[in-house]
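We number each residue from 1, following the sequence as shown. Remember, it's a predicted structure, so these values are computed and weren't measured experimentally.
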Amino acid sequence: AAHSITPAGTKKFVGVKFILEMILLHPIGLTAFFVSVGLLGGEKLSDALVQLRKDFFPSLLLEYALWTPFDLAMFSFIPVQHQLLMVNTICLIESVMLSYIKSNGISLPGHGNHVLHHDDDKETSKKSKDKSKKSKKE
């Protein structure tokens, strides 16, 4: 897509690629992540979409915080032959980050103790633990 807008190898080309990545790649990737991991983990589509609505925007901000400085540094300082290794390293960090968010939700700085997560799952888990403790006592 960037080739159709500006010639490859120019600063404008890198800028167009960067903007397309931020506008298209990250939002589409996050949506696919939350929905596919939820469905593959046995969640109902409605439950996966609930988490997507809760965690999408803060996760997108974290994606931007992770990828923006990395992309700018990579395009400016990392030789092309090493860029794949660098991208794979950041992808590993991103995968760990998203897996944590998927499992635990995400809290936003400056929003007090308000944590965005699956309250129902945690409540169900707590009830299961309570039942387990009662069974052991009997």
Side-chain angles (χ1 to χ4, degrees):
H3 290 285
S4 63
I5 298 172
T6 185
T10 64
K11 288 182 181 182
K12 186 176 179 183
F13 178 76
V14 171
V16 168
K17 281 177 47 175
F18 176 75
I19 289 168
L20 288 173
E21 178 180 323
M22 294 298 148
I23 292 172
L24 297 175
L25 178 67
H26 293 298
I28 291 170
L30 278 176
T31 300
F33 173 81
F34 281 113
V35 173
S36 63
V37 170
L39 294 175
L40 291 170
E43 292 179 8
K44 295 178 188 175
L45 178 59
S46 61
D47 293 335
L49 293 175
V50 165
Q51 185 174 20
L52 176 64
R53 280 190 295 276
K54 287 181 180 178
D55 291 341
F56 177 81
F57 186 68
S59 298
L60 185 61
L61 292 178
L62 282 175
E63 289 267 315
Y64 289 161
L66 175 68
W67 284 102
T68 300
F70 171 76
D71 281 343
L72 294 175
M74 183 180 70
F75 292 138
S76 300
F77 305 114
I78 309 284
V80 173
Q81 67 267 25
H82 300 298
Q83 288 181 2
L84 181 60
L85 175 62
M86 297 305 299
V87 167
N88 286 338
T89 302
I90 297 299
C91 282
L92 176 62
I93 294 167
E94 176 189 39
S95 295
V96 170
M97 177 185 79
L98 288 176
S99 295
Y100 180 84
I101 292 169
K102 178 70 182 137
S103 297
N104 302 296
I106 184 170
S107 62
L108 298 171
H111 286 77
N113 291 332
H114 180 68
V115 177
L116 301 173
H117 55 59
H118 287 302
D119 290 324
D120 295 337
D121 292 345
K122 292 194 182 228
E123 189 62 31
T124 302
S125 176
K126 183 180 176 190
K127 287 178 183 176
S128 296
K129 287 179 184 177
D130 291 343
K131 284 182 183 179
S132 176
K133 286 179 184 177
K134 286 181 183 178
S135 298
K136 288 180 183 178
K137 287 181 182 179
E138 296 172 356

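By the side chain to side chain contact (heavy atoms under 4.5 Å, CB included) test, Thr68 pairs with Phe18, Met22, Tyr64, Leu72, sequence neighbours left out. Listed by chain and residue number, nothing satisfies the ring pair (Phe, Tyr, Trp, His ring centres under 6.0 Å) test with Phe33 (two or more places apart in sequence, or in another chain). Checked against side chain to side chain contact (heavy atoms under 4.5 Å, CB included), Ile90 has the following partners two or more places apart in sequence or in another chain: Leu66, Trp67, Phe70, Ile93. Looking at residues two or more places apart in sequence or on another chain, you find no side chain to side chain contact (heavy atoms under 4.5 Å, CB included) involving Lys11. Applying the side chain to side chain contact (heavy atoms under 4.5 Å, CB included) criterion to Leu30, with sequence neighbours excluded, gives Phe34, Phe56, Ser59, Leu60, Glu63, Leu98. Residues that satisfy the side-chain hydrogen bond (donor to acceptor under 3.5 Å, both in side chains) test with Glu21, not counting sequence neighbours, are His26.
Going from atom CG of Leu49 over to atom NZ of Lys54 covers 12.5 Å, rounded to the nearest 0.5 Å.
Here the closest heavy-atom approach between residue Gly38 and residue Ala48 is recorded as CA-CB, 4.4 Å. Between Ile78 and Gln83 the shortest heavy-atom distance is O-NE2, 3.1 Å.
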Would Leu20 and Leu25 count as a side chain to side chain contact (heavy atoms under 4.5 Å, CB included) if you check the C-alpha gap in whole Å, the side-chain angles of each, and the deciding distance to 0.1 Å?
CA-CA 7 Å; Leu20 288 173; Leu25 178 67; over 6 Å; no
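Between the side chain of Asp47 and the backbone N or O of Glu43, no donor-acceptor pair lies under 3.5 Å. Checking side-chain atoms of Glu94 against main-chain N and O of Thr89 turns up no donor-acceptor pair under 3.5 Å.
Cluster annotation: Ile106 and Tyr100 are assigned to distinct hydrophobic clusters (Ile/Leu/Val/Met/Phe/Trp/Tyr, side-chain heavy-atom contacts under 4.5 Å, transitive). A single hydrophobic cluster is seen to contain both Val16 and Ile19, as judged by linkage of ILVMFWY side chains at heavy-atom distances under 4.5 Å, directly or through other members.
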